[in-house]
Amino acid sequence: MNSCIDKRKIVIAVDGFSSCGKSTFAKTVAARLGYIFIDTGAMYRAVTLYAIEHGAIVNGMLDTDKLVDMLNDIHIAFRFNPERGASDIYVNGEWVEGKIRTITVSNFVSTVSSVPQVRAKLVAMQQEMGRGKGVVMDGRDIGTVVFPDAALTIFMVADPEVRARRRFDELVAKGESVTLSEIEENIRKRDIADQNRTVSPLRKADDAVVLDNSRMSLEDEMKWVESVLHEKRCL
Ligand code: DC
């Protein structure tokens, strides 16, 4: 049952397409509630970066066996960064936050995240992180696979052009040299891959509440989530 029985800390699952603003939304909700924010996309990106840097992706091809053999060597951790108001991701003690959002990683992350052994490892970690509740977790399969019993599951959507523009502005602000059409192409391909992979495809959980933020400010989104939490008697 997707509701709050009392006002104890809960798990809030946030799923949706790429570049819908899930992380910004989830991070802000977590800060307002005093919850922990977990960006599961960063975990799939970190594994992808490791695969690129350790020779499991060569000439644009993923060597799945090699990646699976490497999985036990990949230790992922989050540490809170007060400047960002969110946790940074580390792989084997190395800060990789600055390297995981490049277009190169984005171009391979769907392939890496469709490997069942990768998903099994990361889902187990995510379930462990959310065990104590008081978390807002964003991803693609949080409300369907990781926490199907989350007290609140949100499915975020936004118009494709709005999403491409947001990701483009974000990358340009970081000094990456990309074109809008390159981003549109990447988003389009990832939507198809995310929805059609065999293991845990992206889909709206039956009990999810839909949030279309195409024309909403972050403050509008916060008012929306507050009213949903009140309605469910979680606040
Ligand atoms: O949220 P993001 O764009 O940073 O996620 C990167 C990729 O990781 C996305 O294309 C699909 C994959 N992903 C996933 O398969 N499952 C999740 N829970 C989170 C992300």
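We count ligands from 1, going down the list as the structure has it; atoms in each ligand are counted the same way.
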What residues form a salt bridge (Lys or Arg N to Asp or Glu O under 4.0 Å) with E53, not counting sequence neighbours? K99
Should the proximity of D194 to ligand 1, defined as any heavy atom under 4.0 Å, be assigned to the side chain, the backbone, both, or neither? side chain
Heavy atoms only, cut-off 4.0 Å: how does R119 contact ligand 1, side chain, backbone, both, or neither? side chain
Atom CG in D73, atom CE in M70: separation rounded to 0.5 Å? 8.0 Å
Hey, is ligand 1 close enough to Y44 that some N/O pair sits below 3.5 Å? no
Among all protein heavy atoms, pick the one closest to atom 4 (O) of ligand 1 and tell me residue, atom and distance. R45 NE, 2.7 Å
Of all protein heavy atoms, the one nearest atom 19 (C) of ligand 1 is T40 OG1, 3.4 Å
Considering residues, nucleotides and ligands other than R131, do more than 12 of their heavy atoms fall under 6.0 Å from its CZ? no
What is the nearest protein non-hydrogen atom to atom 18 (N) of ligand 1, stated with its residue, atom name and distance? D141 OD1, 2.9 Å
Residue part near ligand 1, for R190, under 4.0 Å between non-hydrogen atoms: side chain
Got a salt bridge between D169 and R166, using NZ or NE/NH1/NH2 to carboxylate O under 4.0 Å? no
Nearest 0.5 Å, please: how far is CD1 in I38 from CD1 in I142? 9.0 Å
Examine ligand 1 and decide if any of its atoms is less than 4.0 Å from a heavy atom belonging to R197. yes
Residue, atom name and distance, where the atom is the protein heavy atom closest to atom 12 (C) of ligand 1: S113 OG, 3.6 Å
Are E185 and K189 ion-paired here, with the side-chain N under 4.0 Å from a carboxylate O? yes
Sidechain N-carboxylate O distance under 4.0 Å for D15, K22: no
Atom 2 (P) of ligand 1 - nearest protein heavy atom and its distance: R140 NH2, 3.6 Å
